[in-house]
Amino acid sequence: MAGNASRWLCLLAAVLVAGLTAATARAELRIDITKGVSEPIPLAVTDMVGPNGEPSDYGADISRVIAADLERSGLFKPIDNKAFIQKAGDIKTLPRFGDWRVINAQALVQGRAHLVTDGRLRVEFRLWDVFAEQQMVGLAYYTIPDNWRRVAHIIADAIYKRLTGESGYFDTRIVYISESGPPNRRVKRLAIMDQDGANHRFLTDGSALVLTPRFSPTLQEITYLSYYGNLPRVYIFNIDTGRQEILGDFPGMTFSPRFSPDGKKVIMSMAKDGNSEIYVMDLQTRIAKQLTRHSGIDTSPSYSPDSQRVVFNSDRGGSQQLYVMDADGRGVRRISYNKGRYATPVWSPRGDLIAFTKILKGTFYIGVMRPDGSGERLLAKDFLVEAPTWSPNGRVLMFFRQGRTTADGKGGKSRLWTIDLTGHNEREIITPVDASDPAWSPLIP
Amino acid sequence: MKQPEEKPKPKPAFEQTIAEALKRPEKRHNPQQPLSDSEINAVRRQIQRCWNLPAGAKDAENLVIEVAVKLNRDGTVREARVVDAQRMHTDPFFRTAAEAARRAVLNPRCNPLKLPPEKYQLWQQMTLNFNPSEMF
């Protein structure tokens, strides 16, 4: 009897569970979405207005710079203002989301910009998710009016970060080598500008040749190679003070310098007796340590963002290839194995990739590979493309491109370009004259 | 030569009753045909056109997003809710991916969903599982 009863209980439980499962299964229609598209997100950036909703000159300029930053990233497509149904609109009232949905704006940027009584510029913005009808971020800034472009870049970074999940790179600067004059008397000057080409100025007068500038992660300083007095040496230059200082007293020529991720060391090459090795110098103690010891040419070192490893360029295996070693110089291993020669490796700030220049059958390429050498992808190619530098978020590379010079001496212009990791969004950065060797700053603190 | 077929053991009467009882609730609550593969594929194609993944995002292939969707009878979306709401607050990469998935569902260019009105009972609620791993 007892056995029978428990059997019935079990069966009853089974029926109940089965009933529940059936009910859940009915409600739980599940559809897997496994493919999507990769398109710029359409968004509307309205002209920022004054405190009472009136037009604002600063506001219109700031909105224009924000929209241009976002557009150049290739991830966003600002919608032409002429298509707007609701014009600027003040941030005090909720946007008419329906009006923005109609023109397919998925995100909306509104704001205010006006001078306050103490003469400062106050800028406030809101970013809206048009479909979800929710505010995604809203911030306000005070600054001196001359700084309006920086505020625009900072806001563009905030929008980029909120919509992509990653830090932006718009509030940054570029140093590069500005080149002018005939090929046999080329004047090379160090120049600096905002990442969008604005606020351009020269840092050196061109009397001494300068090459390979690199930004310090602490921003105010650049390290580079200068042939001051015809002796190639690594220098450090303070952007704010204009002070230039030779780095270390090495017996041979020093070149291809680069800061460590904490900005406290500079890693570089030193050539002596026809051989070049990699050294690292502590900027406080000024003590240099030799990292490589090989009869091959070792050069172009670049730290991983965690400072644990260094990627560099060496011909020790017979041709120019990329190698990775531990930060103390041990454990050297080759990572590039495909056809061609490899040069100027740079570790991405987010650590996942190494960018390089590749030379194959007379053509130059800018490419990336994983730190173990796998997954090589070539992003740009030309007669000459060289010297990649990463945006601080590791999504975009800047490099210089030089066209072929024709028989009559025309062409051969050298210009700065950016390309994102997809390889599809290639843009020129406008410079006053020829440009080479760009270096991207970190986000301005 | 045919192998002699093994005779199925006769089931006790109460087991048969239970087996029928197990089938019954579904029959009672779900009198219509289930959604066909082509109907499900049509929804998939509609949503995929509006699912925009930010290019070059780090580790994007590992972010699987579930969106619980409530639909009106005309196929328009009444509600789209990211199931793991907690993670929206703690993981900015997840939040970005989740918001992109939600935009795909809410985008008026990709709904109303083309589903048979007579089967509304079956699709008035659904979970869309956005899994980008095949895209990388």
Side-chain angles (χ1 to χ4, degrees), chain A residues 7-8 11-12 14-15 17-23 25-42 73-76 98 101-102 104 106-107 129-134 136 161-167 348 350-353 393-396 420-425, chain B residues 14-15 18 21-26 29-30 34-35 40-41 43-45 47-60 65-67 69 80 91-97 99-109 121-135:
Chain A
R7 192 171 186 183
W8 272 108
L11 284 167
L12 191 62
V15 172
V17 169
L20 279 174
T21 317
R26 182 175 53 82
E28 190 69 22
L29 171 61
R30 289 179 67 86
I31 300 181
D32 286 324
I33 308 295
T34 54
K35 287 198 194 81
V37 293
S38 229
E39 290 168 352
I41 298 176
S73 76
L75 298 178
F76 305 95
R101 272 196 294 271
V102 166
N104 195 32
Q106 304 198 358
D129 183 326
V130 172
F131 296 161
E133 305 194 355
Q134 285 171 0
M136 301 180 87
K161 184 172 188 176
R162 185 60 188 79
L163 288 172
T164 67
E166 291 186 65
S167 294
S348 155
R350 68 184 191 188
D352 56 342
L353 294 168
N393 69 352
R395 274 229 204 184
V396 184
D420 70 16
L421 280 183
T422 65
H424 294 303
N425 181 36
Chain B
F14 68 86
E15 276 193 13
I18 292 302
L22 283 175
K23 287 179 198 158
R24 217 173 289 140
E26 195 160 2
H29 294 291
N30 181 13
L35 287 177
I40 286 174
N41 281 336
V43 171
R44 191 174 282 140
R45 277 198 302 276
I47 298 290
Q48 283 177 173
R49 281 194 296 123
C50 281
W51 184 27
N52 195 1
L53 290 98
K58 193 184 177 188
D59 293 334
I65 312 289
E66 282 185 328
V67 181
V69 185
D91 180 347
F93 290 102
F94 179 83
R95 180 172 68 174
T96 301
E99 285 172 342
R102 190 174 61 190
R103 278 198 297 274
V105 180
L106 292 174
N107 193 330
R109 301 199 167 197
Q121 290 295 328
L122 296 177
W123 54 259
Q124 58 177 323
Q125 283 188 46
M126 63 171 80
T127 301
L128 295 177
N129 191 45
F130 291 83
N131 184 348
S133 56
E134 284 179 27
M135 287 191 56

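Labels below follow one simple rule: chain letters A, B, ... track the order of the sequence lines, proteins then strands, and each chain is numbered from 1.
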For a 4.5 angstrom cut-off between non-hydrogen side-chain atoms, does B:Thr96 reach A:Glu166?
no
Using a cut-off of under 4.5 Å for heavy-atom pairs, which of B:Asn107, B:Ile47, B:Val43 has the most such pairs with chain A?
B:Asn107
For a 4.5 angstrom cut-off between non-hydrogen side-chain atoms, does A:Arg395 reach A:Asp420?
no
Contact part of B:Leu35 toward chain A, heavy-atom cut-off under 4.5 Å: side chain, backbone, both or neither?
side chain
Answer yes or no: is there a side-chain heavy-atom contact under 4.5 Å between A:Leu353 and A:Leu421?
yes
For chain B, which candidate among A:Lys161, A:Glu39, A:Arg162 shows the most heavy-atom pairs at distances under 4.5 Å?
A:Arg162
Specify which of A:Asp129, A:Val130, A:Thr34 makes the most heavy-atom pairs with chain B at under 4.5 Å.
A:Thr34
Yes or no on side-chain contact (heavy atoms from CB on, under 4.5 Å) for A:Phe76 and A:Thr164, after CA distance, side-chain angles and deciding distance?
CA-CA 10 Å; A:Phe76 305 95; A:Thr164 67; 3.9 Å; yes
When you measure from the side chain of B:Gln48 to the backbone N and O of A:Lys35, does any donor-acceptor pair fall under 3.5 Å?
yes
Region of B:Arg49 in contact with chain A, defined by heavy-atom distances below 4.5 Å:
backbone
Do B:Val105 and B:Trp51 have side-chain heavy atoms sitting under 4.5 Å apart?
no
Part of B:Arg44 within contact of chain A (heavy atom distance under 4.5 Å)
both
Contact class of B:Arg102 relative to chain A, heavy atoms under 4.5 angstrom:
side chain
Counting distance only, does the side-chain N/O of B:Asn52 pair as donor-acceptor with the main-chain N or O of B:Ala100 below 3.5 Å?
no
Residue A:Glu133 versus chain B: region with a heavy atom under 4.5 Å
neither
Only pairs of heavy atoms separated by less than 4.5 Å count here; which of B:Val69, B:Asn129, B:Asn41 has the most with chain A?
B:Asn129
